[in-house]
**Q** 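After the structure tokens below, expect a handful of questions from me.
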Amino acid sequence: MAEGPQPKRKREEEKNGGPATEGGAATAFTLSDLRVRRVLRESARDKIVFLHAEVAGSGGGRLIGLSGEGTDAVVILEKTPFQEEKIPDLLKKPMNAELQMHNDIYCTFYLSPPPELSEIKATVVYPATEKHIQKYLRQEVHLIRETWEDYKNITLPFIQSQGFSIQWVYNILEKKAEADRIVHENPDPFNGFVLVPDLKWNQNQLEDLYLIALVHCRDIKSLRDLTAEHLPLLRNILQEGKEAIVKRFGVPGSQLRIYLHYQPSYQHLHVHFTALGYDAPGSSVERAHLLADVIDNLAMDSMYYQKRALTFPLRADEPLFKKFQEAGKV
Ligand code: M7G
């Protein structure tokens with residue numbers, strides 16, 4: 001029988017916003033050290049706000065990150081989805097329930113639930129680079145149509161010089177971080193992978209289920225590197241990923257959206273597993289490529305992803321967008 005989502009709790013200290021230091025990362029701060037500088041983006045619909053913050057010492061002085069990168073941080077605050085089993089408590093537990101309006105059969109109340117029923121998830125990136133800050137800033141977006149030549153001449157040199165660090169991926173693969181969160185592993189160095197809950201999922205409810213499979217092989221950056229020699233790896237991810245998720249969470253493969261992003265933010269091949277009913281960020285047609293389709297395409301033509309043009313969105317302020325502009329491709 002499926003275990004269902006298990007609330008994962010860090011030790012008490014971290015629960016209370018205490019020092020976050022897992023995975024040998026350069027992080028030494030508590031939540032109360034964070035000072036908000038500006039709102040980068042917010043969504044009333046998704047109940048999420050992205051903040052540019054800085055980490056300041058308790059004495060008001062600025063604290064330099066252990067790696068010396070600086071004090072900028074990105075903080076993402078998100079109201080968590082309802083947990084079905086706790087909904088009755090929302091109405092029953094004593095709290096202020098303020099009637100805002102009443103008209104015929106319609107009325108609205110504002111509830112102030114107790115803390116355990118009104119959690120907010122806070123994701124912190126610290127120290128954050130300018131690229132992290134830009135990633136979350138609301139910007140005009142354009143679609144790029146990238147040919148294989150564009151990839152070799154424009155995109156590849158760019159990602160080789162300016163890509164996001166993938167240290168967090170290596171930390172997971174080497175069990176230096178998130179080891180206790182691993183849902184499944186196939187240890188084969190070429191055809192194996194690690195399946196873990198995505199940073200975006202708190203594992204408290206299945207509605208927004210989100211896991212990622214990170215491949216052990218370190219020289220596959222993205223869809224563009226895939227050929228038929230990777231079919232065993234991709235088939236393992238599809239098959240074993242689905243089996244592990246139905247076993248652990250009770251969600252069948254027919255209710256999972258299993259896909260790769262192009263362009264990914266992190267150039268180490270990974271596959272997204274999200275609940276089919278969840279409109280996950282980045283699951284739209286301009287960015288998501290279903291793994292089953294990728295497998296079929298490669299089985300038909302080993303060089304499929306070295307031949308075809310790929311479309312992807314870029315924000316107007318991104319350096320890669322400027323490179324495409326300079327090359328007269330936009
Ligand atoms: P992507 O397609 O490279 O970029 O996906 P995106 O973030 O623009 O979608 C990377 C995926 O890895 C995203 O779904 C992230 O939420 C997830 N992710 C990023 N980080 C830094 C971590 C992490 O430290 N741990 C875990 N478990 N997931 C992460």
**Q** Does any donor atom in the side chain of Glu146 or Thr155 lie under 3.5 Å from an acceptor atom in the other side chain?
**A** yes
**Q** List the steps, then state whether side chain to side chain donor-acceptor pair (under 3.5 Å) holds for Ser165 with Gln167.
**A** CA-CA 6 Å; Ser165 163; Gln167 187 56 47; 5.5 Å; no
**Q** Hey, what do you get for NZ (Lys322) to CG (Leu314), rounding to the nearest 0.5 Å?
**A** 11.0 Å
**Q** Just by distance, do the side chain of Asp33 and the backbone of Thr30 share a donor-acceptor pair under 3.5 Å?
**A** yes
**Q** Please report the interatomic distance CD1(Ile212) to CG(Asp198), rounded to the nearest 0.5 Å.
**A** 4.5 Å
**Q** Would you indicate whether the side-chain heavy atoms of Ile48 and Lys121 approach each other to under 4.5 Å?
**A** no
**Q** Salt bridge check, Glu240 against Lys247: does any charged N sit closer than 4.0 Å to a carboxylate O?
**A** no
**Q** What's the separation between atom OH in Tyr136 and atom CG in Leu40, rounded to the nearest 0.5 Å?
**A** 10.0 Å
**Q** Quick check: closest heavy atoms across Ala288 and Gly282, and the distance to 0.1 Å?
**A** CB-O, 3.8 Å
**Q** Taking all atoms of both residues into account, what is the closest heavy-atom pair of Glu54 and Arg37, and its distance?
**A** OE1-CD, 3.8 Å
**Q** Would you mind telling me which of Tyr126, Tyr266, Phe164 makes a ring pair (Phe, Tyr, Trp, His ring centres under 6.0 Å) with His132?
**A** Phe164
**Q** Would you compute the distance between atom CD1 of Ile166 and atom NE2 of His270 and round it to the nearest 0.5 angstrom?
**A** 10.0 Å
**Q** Do the two ring centres, one from Trp201 and one from Phe249, sit under 6.0 Å apart?
**A** yes
**Q** Do Glu140 and Arg315 have side-chain heavy atoms sitting under 4.5 Å apart?
**A** no
**Q** Membership question, hydrophobic clusters at under 4.5 Å side-chain separation (ILVMFWY): are Leu226 and Phe190 in the same one?
**A** no
**Q** Taking the side chain as everything from C-beta on, heavy atoms only, tell me whether Tyr278 gets closer than 4.5 Å to Tyr210.
**A** yes
**Q** Main chain of Pro114, side chain of Ser118: is a donor-acceptor contact present, judged purely on distance under 3.5 Å?
**A** yes
**Q** Flag this pair as yes if the NZ/CZ of Arg224 is under 6.0 angstrom from the six-membered ring centre of Tyr305 and inside a 45 degree cone about the axis; otherwise no.
**A** no
**Q** Determine whether a donor-acceptor pair (N or O, by modelled atom type, separation under 3.5 Å) exists between the side chain of Asn186 and the backbone of Asp188.
**A** yes
**Q** State, without any angle test, whether Asp208 and Gln205 hold a side-chain donor-acceptor pair at a distance under 3.5 Å.
**A** yes
**Q** Evaluate the criterion side chain to side chain donor-acceptor pair (under 3.5 Å) for residue pair Gln306 and Tyr151; output intermediate values, then yes/no.
**A** CA-CA 9 Å; Gln306 289 84 49; Tyr151 174 71; over 6 Å; no
**Q** Is a side-chain N or O of Asn236 found less than 3.5 angstrom from the main chain of Leu233, in a donor-acceptor match?
**A** no
**Q** Please lay out, stage by stage, how Leu256 and Leu209 fare under the test side chain to side chain contact (heavy atoms under 4.5 Å, CB included).
**A** CA-CA 9 Å; Leu256 292 173; Leu209 174 140; 3.7 Å; yes
**Q** Using side-chain heavy atoms (C-beta onward) and a distance below 4.5 Å, is Phe82 in contact with Leu90?
**A** yes
**Q** Compare every heavy atom of His52 with every heavy atom of Ile133, then report the nearest pair and how far apart it is.
**A** CD1-NE2, 3.6 Å
**Q** Please give me the minimum heavy-atom distance between Glu178 and Ile172, naming the atom from each residue.
**A** OE2-CD1, 3.6 Å
**Q** Between Leu223 and His289, is there a side-chain heavy-atom distance shorter than 4.5 Å?
**A** yes
**Q** With a 4.5 Å cut-off on side-chain heavy-atom distances among I, L, V, M, F, W and Y, is there a chain of contacts connecting Ile237 to Leu276?
**A** no
**Q** Look only at the side chain of Arg41 and the backbone of Val49, and say whether a donor-acceptor pair between them is shorter than 3.5 Å.
**A** no
**Q** Would a 4.5 Å heavy-atom cut-off, applied to side chains only, mark His142 and Pro313 as touching?
**A** no
**Q** In this structure, would Trp148 and Val294 fall into the same cluster of hydrophobic residues linked by side-chain contacts under 4.5 Å?
**A** yes
**Q** Are Val251 and Leu291 connected in the hydrophobic side-chain network, where two residues link if heavy atoms are under 4.5 Å apart?
**A** yes
**Q** Counting only N and O atoms by type, is there a donor-acceptor contact under 3.5 Å from the side chain of Arg181 to the main-chain atoms of Pro197?
**A** yes
**Q** Where is the tightest heavy-atom contact between Leu206 and Ala275, given as atom of each residue plus distance?
**A** O-CB, 3.7 Å
**Q** Are the side chains of Val74 and Val124 in touch, meaning some heavy atoms are under 4.5 Å apart?
**A** no
**Q** Look up atom CG in Asn191 and atom CD in Glu229, then write down how far apart they are to the nearest 0.5 Å.
**A** 9.5 Å
**Q** Could you tell me whether Glu42 and Lys79 make a salt bridge, using a distance below 4.0 angstrom between a side-chain N and a carboxylate O?
**A** no
**Q** To the nearest 0.5 Å, tell me how far Gln267 CD sits from Leu156 CG.
**A** 8.5 Å
**Q** Between Leu77 and Ala122, what is the shortest heavy-atom contact and its length?
**A** CD2-CB, 3.7 Å
**Q** Begin with the C-alpha distance, continue with both residues' side-chain angles, and end with the deciding distance and a verdict on side chain to side chain contact (heavy atoms under 4.5 Å, CB included) for Met101 and Cys107.
**A** CA-CA 5 Å; Met101 74 99 188; Cys107 48; 5.7 Å; no
**Q** Please assess Leu310 against Arg308 for the test side chain to side chain contact (heavy atoms under 4.5 Å, CB included), listing each intermediate value before the final yes or no.
**A** CA-CA 6 Å; Leu310 292 171; Arg308 62 160 286 186; 3.6 Å; yes
**Q** Side chains of Lys329 and Asp150: closer than 4.5 Å at any heavy-atom pair?
**A** yes
**Q** Check for a donor-acceptor pair, side chain of His102 on one end and backbone N or O of Gln100 on the other, with a separation under 3.5 Å.
**A** no
**Q** Determine whether the aromatic ring centres of residues His272 and Tyr259 are separated by less than 6.0 angstrom.
**A** yes
**Q** Can you establish whether the number of heavy atoms outside Glu84 located under 6.0 Å from its atom CD is more than 12?
**A** no
**Q** With salt bridge (Lys or Arg N to Asp or Glu O under 4.0 Å) as the test, would you mind laying out the steps for Lys135 and Glu130 before giving the verdict?
**A** CA-CA 9 Å; Lys135 177 175 157 90; Glu130 188 56 32; over 6 Å; no
**Q** Does the ring of Tyr170 carry Arg218 above it, NZ/CZ under 6.0 angstrom from centre and within 45° of its axis?
**A** yes
**Q** When you look at Leu195 and Ile182, which way does the side chain to side chain contact (heavy atoms under 4.5 Å, CB included) test go after all the steps?
**A** CA-CA 6 Å; Leu195 181 70; Ile182 293 176; over 6 Å; no
**Q** Please determine whether residues Leu199 and Leu269 belong to a single hydrophobic cluster, defined as Ile, Leu, Val, Met, Phe, Trp and Tyr linked transitively by side-chain heavy-atom distances below 4.5 Å.
**A** no
**Q** Using the rule ring pair (Phe, Tyr, Trp, His ring centres under 6.0 Å), only one of His216, His184, His230 pairs with Phe193; which is it?
**A** His184
